[in-house]
Amino acid sequence: MLHAVENQSVAGQSAGQARKIMSVSMGQVGFLIAQEEVLTFESIPELDSRNKPRHSLGSFSVNGQETPVYCLSDELDLLDQIPDDRETCVVLRKDNRTIGLICSEFKALEYMMFNVHNVPECMTHHKSPISDLCVYQLKDGIPVIGKILTADAIDTYIRLY
Amino acid sequence: MSGATAWVMQLDHQISAAVGQMELIHIVDNPEFYKIPGAPAYCAHVILWNNRIIPVMDLSAWLNDSTVVYSRSLVAIAVYRDQNNELKYGGIHLSDTPAMEEVSNDQACALPMTSNRWRTVSISCFRSSDNNPVPILDVPTIFSTALAESA
């Protein structure tokens, strides 16, 4: 079943970047993905294992486009089985392609401020699908740190895995 | 005889190291740690400090290639300039509050034999007032990719 990704109005402040962000959890770990990178969310689909790109669980068709599906562990290892706590597949746009990522939950975030920071150099030696970190505030005003995934970083991570 | 003031920090209950007086700018007691998946085990967390994201380095874990359980969450915020001469901040896990010590050249000594990794992260070493060797940390190196490359 397809879930359209709704645009959500965001009150941005001059100190930060106004972005529309989805919060996506994979097991116990939460990530942020820019809404413009998300094509759709689906229930975990029936995967075609005959068309199975390297490290993927299989693929399925989204709007007529073959979409490889991947599953990441809490430590960002690529899994070859879907853990019991995963119920959804987020489909990301990557150039003219689509990538599916199995996740547990998703929700649109309401936030006030969004400042992007590079991942510190001392943490970046290992390849990672985390493109950036960020500080954002929810409606309660308390700043928290988020981990940003991008389709581009995920695609590179999978290719180099 | 020239000298300087250093902060002597307990990295765990056995290991001490020092930084220059002006390199340690703040101590954060019991911060909220955010785990970064896939990061090296010795630098797996960041904290939020003054609206900045600060990587927290567990040097004891890196030196001994092991996991340390801290009874107290204490993080020293160090300031340094990176290779582009930009001001950066990094956190170092401590097991106790640091102490200030006057250090002179005639206290210079060899690095501790406890780990051959001291050479990577130290610029020199001195014998402290309690007669233990205390390496002086090379802060920019600690927060570069050097630790991962030599692990």
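Because the structure is a prediction, the values reported are computed rather than measured. Heavy atoms only: backbone and side chains are in, while hydrogens, waters and symmetry mates are out. Each chain gets a letter, A, B and so on, in the order its sequence line appears, and its residues count up from 1.
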- Item | Side chain, backbone, both or neither of B:F143 within contact of chain A (heavy atoms, under 4.5 Å) | both

- Proximal component of B:I142, with respect to chain A [non-hydrogen, under 4.5 Å]: backbone

- Task: Taking atom CG of B:D130 as the centre, report whether more than 12 heavy atoms of other residues, nucleotides or ligands fall under 6.0 Å from it.
- Result: yes

- Please identify each residue that fulfils ring pair (Phe, Tyr, Trp, His ring centres under 6.0 Å) with A:F31, with sequence neighbours left out. none

- Query: Roughly how far, to the nearest 0.5 Å, is CG of A:D132 from CD1 of B:I53?
  - Reply: 9.0 Å

- Query: Of all heavy-atom pairs between B:S144 and A:E121, which one has the smallest distance, and what is that distance?
  - Reply: CA-OE1, 3.7 Å

- Which residue pairs satisfy the ring-ring contact (aromatic ring centres under 6.0 Å, His included) criterion with at least one member in residues 65-91 of chain A, sequence neighbours excluded? none

- Query: Which atom pair, heavy atoms only, marks the closest approach of A:M123 to B:A39?
  - Reply: CE-CB, 4.2 Å

- Segment of A:I145 engaging chain B (4.5 angstrom heavy-atom cut-off): both

- Query: Is any side-chain heavy atom of A:P143 closer than 4.5 Å to a side-chain heavy atom of B:L48?
  - Reply: yes

- Atom CD of A:E66 with >12 non-hydrogen neighbours under 6.0 angstrom: yes

- Query: Does any heavy atom of chain A fall under 4.5 Å from the side chain of B:K88, the backbone, both, or neither of them?
  - Reply: neither

- Message: Which atoms of A:V144 are under 4.5 Å from chain B, going by heavy atoms: the side chain, the backbone, both sets, or neither?
- Response: both

- Task: Taking A:E75 for its side chain and B:P37 for its backbone only, find out whether a donor-acceptor pair lies under 3.5 Å.
- Result: no

- Query: How long is the span from the CG atom in A:L133 to the CD1 atom in B:I36, to the nearest 0.5 Å?
  - Reply: 4.5 Å

- Query: Out of curiosity, does A:M22 fall in the hydrophobic cluster containing A:I130 (side-chain heavy atoms, cut-off under 4.5 Å, transitive links)?
  - Reply: yes

- Got a sec: does the CG of A:N96 have more than 12 other heavy atoms crowding it under 6.0 Å? no

- Search all heavy atoms of B:P40 against all heavy atoms of A:C122 and return the closest pair with its distance. CG-O, 4.0 Å

- Cluster check A:V119, A:V29: I/L/V/M/F/W/Y, side chain < 4.5 angstrom: yes

- Count the heavy atoms of every other residue, nucleotide or ligand shown that sit under 6.0 Å from CD of B:Q14, and state whether that count exceeds 12. no

